[in-house]
Amino acid sequence: MIPGSFDYHRPDSIEAAIGLLASLGDEARVVAGGHSLIPMMKLRMATPEHLVDLQDITSLRGITINGAEISIGAMTTQAELIASDQLAAVCPILGLAAAQIADPQVRNMGTIGGNIANGDPGNDMPALMQALDAVYILQGPEGRRDVAARDFYEAAYFTALEEGEILTAARFSAPPSGHGHAYEKQKRKIGDYATAAAAVVLTVENNSCQTAAIALTNVGDTPLYAEEASQILRGSNLDKKTITAAANAAKAITDPAEDGRGPANFRTHIAGIMVMRAIEKAIERAK
Amino acid sequence: MSKIKVEMTINGDKIEGSVEPRTLLIHFLREDLNLTGPHIGCDTSHCGACTIDLNGKSIKSCTVFAVQANGAEITTIESIAGADGTLHALQESFREHHGLQCGFCTPGMITRAHRLLQDNPNPTDSEIRYGISGNLCRCTGYQNIVKAIRVAAEQLNPAQEAAE
Ligand SMILES: Cc1cc2nc3c(=O)[nH]c(=O)nc-3n(C[C@H](O)[C@H](O)[C@H](O)COP(=O)(O)OP(=O)(O)OC[C@H]3O[C@@H](n4cnc5c(N)ncnc54)[C@H](O)[C@@H]3O)c2cc1C
Ligand code: FES
Ligand code: FES
């Protein structure tokens with residue numbers, strides 16, 4: 001499969017990239033790891049006339065941890081998220097979830113920026129970003145603006161990213177030390193997108209849940225932050241009844257597509273199971 | 001859509017070429033450079049038959065444009081055996097332990113295993129399976145591939161073995 005023709009650009013700064021996007025107009029796309037975009041181009045479902053490759057922009061790479069504040073550059077690869085001991089020490093869910101994406105070769109190319117900017121409901125990082133209440137830093141010809149991950153996704157492949165803007169980083173506060181977390185993903189095989197998946201981050205003190213956030217992958221046309229389900233956990237003693245109630249509240253907001261992964265009601269059912277398992281695992285991990 | 005000049009170091013040799021931006025790296029390797037070791041299995045980023053090393057990391061060359069690899073260092077299956085044709089321990093081990101049947105997946109499988117053993121010289125069986133999870137084999141059922149990689153790792157780590 002041969003993609004359509006395009007012109008290739010490799011700027012070495014964010015400013016140069018934004019300038020290129022502004023002058024090339026709507027036929028230009030940025031390419032990060034290329035592992036969502038290139039398969040689409042090979043199928044001719046995407047036919048950009050210009051590709052602006054971000055690989056030489058070093059300021060888009062790397063993980064910065066400043067106290068509890070974490071900033072992850074858009075061009076940081078999934079393999080780098082897994083390999084970072086620093087990140088694992090303060091927010092292990094990211095590396096553990098990245099390890100459930102695709103396979104080693106894909107994770108060496110695929111970036112966090114591409115994963116969260118893509119807008120495919122099958123991508124795993126967006127729900128995680130919503131559970132962590134991350135903010136995306138967007139840079140464009142008009143300057144910088146910050147958009148919360150919970151407000152970023154509008155529909156499948158439609159996001160708050162405006163034409164000509166680049167997502168430069170995702171920022172969030174590390175959950176308090178001793179927090180519990182889990183990303184539970186049901187997939188048919190390695191390299192498959194989720195049938196359903198759930199991210200849970202919570203804190204527990206004296207058997208009472210202090211904070212909780214739940215978000216879902218691939219059971220709607222966007223990632224879904226499950227506020228009501230999260231609310232059910234907060235202040236509870238996290239007993240079996242509460243966990244089931246939270247899972248039911250999460251299931252209620254799903255609207256999955258029917259595809260090779262199963263009928264819609266099956267995928268909603270799996271979403272409930274993933275939420276329960278993720279809550280139970282997060283409780284186990286909480287100290 | 002003019003052609004772009006590219007330079008890469010492939011298997012230790014500096015090469016230059018001129019490619020259309022849409023040329024995939026696997027096509028550049030196979031068709032322009034006659035490096036037909038890396039195969040095209042699925043052409044959809046799943047099977048890993050096209051696996052090569054790009055700057056010391058395993059990647060699927062059917063999902064990278066040659067222009068993205070401009071300036072990169074690349075290793076393909078062609079350079080894994082010695083210059084005199086002596087097989088690498090992994091290649092010997094695949095032969096000895098029936099790590100292949102039709103052989104179509106083998107170049108990608110060995111190139112991936114070669115990188116895996118550099119990153120993790122003493123993998124457990126489950127680390128081997130996770131490490132090659134981006135490489136599909138339709139013949140062997142994987143059992144003998146895992147065994148071949150394990151035995152090669154042992155041979156490549158004599159010091160480790162002696163210590164046990
Ligand atoms: C076999 C296979 C299995 C996979 N399985 C999974 C899986 O289970 N879960 C999962 O989440 N993903 C999966 N993926 C997708 C993979 O994780 C992609 O790498 C990821 O979705 C996109 O990241 P990228 O860096 O490759 O982005 P690209 O493909 O380069 O870009 C994707 C889109 O985002 C835009 N974009 C990229 N970076 C930016 C930026 N900084 N600013 C603005 N726009 C940007 C591009 O223009 C493009 O529209 C799989 C891919 C393959 C090939
Ligand atoms: S041909 Fe590249 S992954 Fe199958
Ligand atoms: S030996 Fe035939 S595909 Fe692996």
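Lettering of chains follows the sequences in order, A, B, ..., and the numbering in each one begins at 1.
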Whether [X] side chain and [Y] backbone form a donor-acceptor pair below 3.5 Å:
X: A/Asn108; Y: B/Ile59; answer: no
X: B/Arg22; Y: A/Lys42; answer: no
X: B/Arg112; Y: A/Gln105; answer: no

Do you know which of A/Gly191, A/Gly33, A/Gly4 has the most heavy-atom pairs under 4.5 Å to chain B?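 Option with the top pair count is A/Gly4.
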Closest heavy-atom contact between [X] and [Y]?
X: B/Tyr130; Y: A/Pro104; value: O-CG, 3.7 Å
X: A/Leu51; Y: B/Phe65; value: CD1-CE1, 3.7 Å
X: A/Pro3; Y: B/Leu24; value: CD-CD1, 4.4 Å
X: A/Tyr8; Y: B/Ile4; value: CB-CD1, 3.8 Å

Could you check if a side-chain atom of [X] sits within less than 4.5 angstrom of a side-chain atom of [Y], using non-hydrogen atoms only?
X: B/Lys57; Y: A/Thr77; result: no
X: A/Pro39; Y: B/Thr63; result: yes
X: A/Asp103; Y: B/His46; result: no
X: B/Gln68; Y: A/Ile38; result: yes
X: A/Met1; Y: B/Thr44; result: yes

Has [X] got more than 12 heavy atoms of other residues, nucleotides or ligands less than 6.0 Å from its [atom1]?
X: A/Lys189; atom1: NZ; answer: yes
X: B/Gln143; atom1: CD; answer: no
X: A/Tyr157; atom1: OH; answer: yes
X: A/Arg44; atom1: CZ; answer: yes
X: A/Arg277; atom1: CZ; answer: no

For A/Arg10 and B/Asn70, what are the C-alpha separation, side-chain angles and deciding distance, and is it a side chain to side chain contact (heavy atoms under 4.5 Å, CB included)? CA-CA 10 Å; A/Arg10 208 200 265 195; B/Asn70 194 4; 3.6 Å; yes
Atom group of B/Arg115 that falls short of 4.5 Å from chain A, counting heavy atoms: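 The answer is neither part of B/Arg115.
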Which region of B/Thr51, side chain (C-beta onward) or backbone (N, CA, C, O), has a non-hydrogen atom less than 4.5 Å from a non-hydrogen atom of chain A, or is it both or neither?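 Interface part for B/Thr51: side chain.
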Is A/Ala99 in contact with chain B via its backbone, its side chain, both, or neither, using a 4.5 Å heavy-atom distance?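 Looking at A/Ala99, backbone and side chain both touch chain B.
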Got a second to check how far B/Ser133's OG is from A/Arg107's CZ, nearest 0.5 Å?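 Reported to 0.5 Å precision, the distance equals 6.0 Å.
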